[in-house]
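Notes follow the structure.
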Amino acid sequence: MIKKWKEILMVIVGSMMMGASIDLFVQADFGLDPLSLFQAGLGRVLHLSLGTTSQVLMISIIILLFFIDRKRIGIGSILNSVLVGAFIKWFSPVICTGGTAAGRLLCLLAGLILMGVGIGTYVAAGLGEAGMDAMMMYLSGKLKKNVNVTRITIDILLSITGFLLGGKLGGATVVSMLVNGYMIQFTIELIGRFRRNKAVIEIGGQ
């Protein structure tokens with residue numbers, strides 16, 4: 001476990017970015033990202049906060065994945081499932097408020113970037129995925145589709161279901177749906193290239 005401290009740090013940082021991004025979407029008030037939209041709708045039905053609903057949903061999906069593809073589950077799955085909801089609660093009182101239209105747009109832009117990079121960072125750690133990200137990687141492998149295509153498909157389904165459950169659909173939902181997959185795939189590939197180059201340099205220096 002100690003040898004994996006860098007990967008664990010990646011999971012924590014990625015989860016923190018994801019939690020902050022969800023609060024930024026809320027403050028921007030242009031609609032939530034697809035997963036948060038679904039969680040908000042589910043939270044309305046269950047009478048739970050967004051952070052608590054996130055934790056309940058992520059842990060439920062991990063239990064499901066344990067029976068269909070347990071190799072996707074690792075310490076990163078558990079950490080992300082718990083930490084994202086915790087960071088949503090932690091950042092909620094202190095995150096920037098949109099205020100003006102320009103401020104709200106900045107919150108939206110920051111939320112879009114942090115969401116994609118955050119997911120890509122903790123997934124690239126290789127310690128297991130949580131919730132919808134685990135389903136994304138599982139379906140991507142099963143259907144032999146890249147992460148971007150799989151994520152867009154999942155996001156469409158989450159958005160429709162979340163809207164029907166009473167979540168707030170808006171322009172940010174559509175934008176997030178279109179860019180999330182690209183940001184995730186770009187981040188995973190970028191970190192992968194960095195690690196490979198670092199490994200080559202270390203081997204060459206021996």
N180: which of D155, I152, I154 passes side-chain contact (heavy atoms from CB on, under 4.5 Å)
D155
What pairs of donor and acceptor atoms, side-chain ones from residues 30-42 against any protein atom, are under 3.5 angstrom apart with sequence neighbours left out?
{"from": "D33", "atom 1": "OD1", "to": "S36", "atom 2": "OG", "distance (Å)": "2.5"}
{"from": "D33", "atom 1": "OD2", "to": "L35", "atom 2": "N", "distance (Å)": "3.3"}
{"from": "D33", "atom 1": "OD2", "to": "S36", "atom 2": "N", "distance (Å)": "3.2"}
{"from": "D33", "atom 1": "OD2", "to": "S36", "atom 2": "OG", "distance (Å)": "3.3"}

How close do T173 and S159 get, counting heavy atoms only, and between which atoms?
CG2-OG, 3.4 Å
So, taking the atom named CD1 in I73 and the one named CZ in F67, what distance separates them when rounded to the nearest 0.5 Å?
9.0 Å
Residue that, paired with S81, satisfies side-chain contact (heavy atoms from CB on, under 4.5 Å) out of V56, L57, I59:
I59
Scan the side chains in residues 105-122 for donor-acceptor partners under 3.5 Å anywhere in the protein, sequence neighbours excluded, and list what turns up.
{"from": "T121", "atom 1": "OG1", "to": "V117", "atom 2": "O", "distance (Å)": "2.7"}
{"from": "Y122", "atom 1": "OH", "to": "A130", "atom 2": "N", "distance (Å)": "3.0"}
{"from": "Y122", "atom 1": "OH", "to": "A130", "atom 2": "O", "distance (Å)": "3.3"}
{"from": "Y122", "atom 1": "OH", "to": "D133", "atom 2": "OD2", "distance (Å)": "2.7"}

Output for pair (S21 OG, F91 CZ), nearest 0.5 Å, gives 10.0 Å
Under a single-linkage definition using a 4.5 Å side-chain heavy-atom cutoff for Ile, Leu, Val, Met, Phe, Trp and Tyr, are I160 and M177 assigned to the same hydrophobic cluster?
yes
May I ask whether L24 and W90 are part of the same hydrophobic cluster, defined by side-chain heavy atoms of I, L, V, M, F, W, Y residues being less than 4.5 angstrom apart, directly or through others?
yes
Just grab all the side chain to side chain donor-acceptor pair (under 3.5 Å) pairs involving residues 43-53, residues at least two apart or on different chains.
S49-T52, T52-K89
Could you check whether any side-chain heavy atom of M16 comes within less than 4.5 Å of a side-chain heavy atom of L83, counting everything from C-beta outward?
no
Can you measure from CG (L64) to OH (Y138) and round to the nearest 0.5 angstrom?
9.0 Å
With a 4.5 Å cut-off on side-chain heavy-atom distances among I, L, V, M, F, W and Y, is there a chain of contacts connecting L48 to M58?
yes
How many angstroms lie between atom CD1 of I75 and atom CD of E7, to the nearest 0.5 angstrom?
12.5 Å
Out of curiosity, does V175 fall in the hydrophobic cluster containing F163 (side-chain heavy atoms, cut-off under 4.5 Å, transitive links)?
yes
In one Ile/Leu/Val/Met/Phe/Trp/Tyr side-chain cluster, 4.5 Å: L169, F25:
yes
Quick check: does any side chain N or O of S77 sit under 3.5 Å from a backbone N or O of G74, one acting as donor and the other as acceptor?
yes
Are there more than 12 heavy atoms of other residues, nucleotides or ligands under 6.0 Å from atom CZ of F186?
no
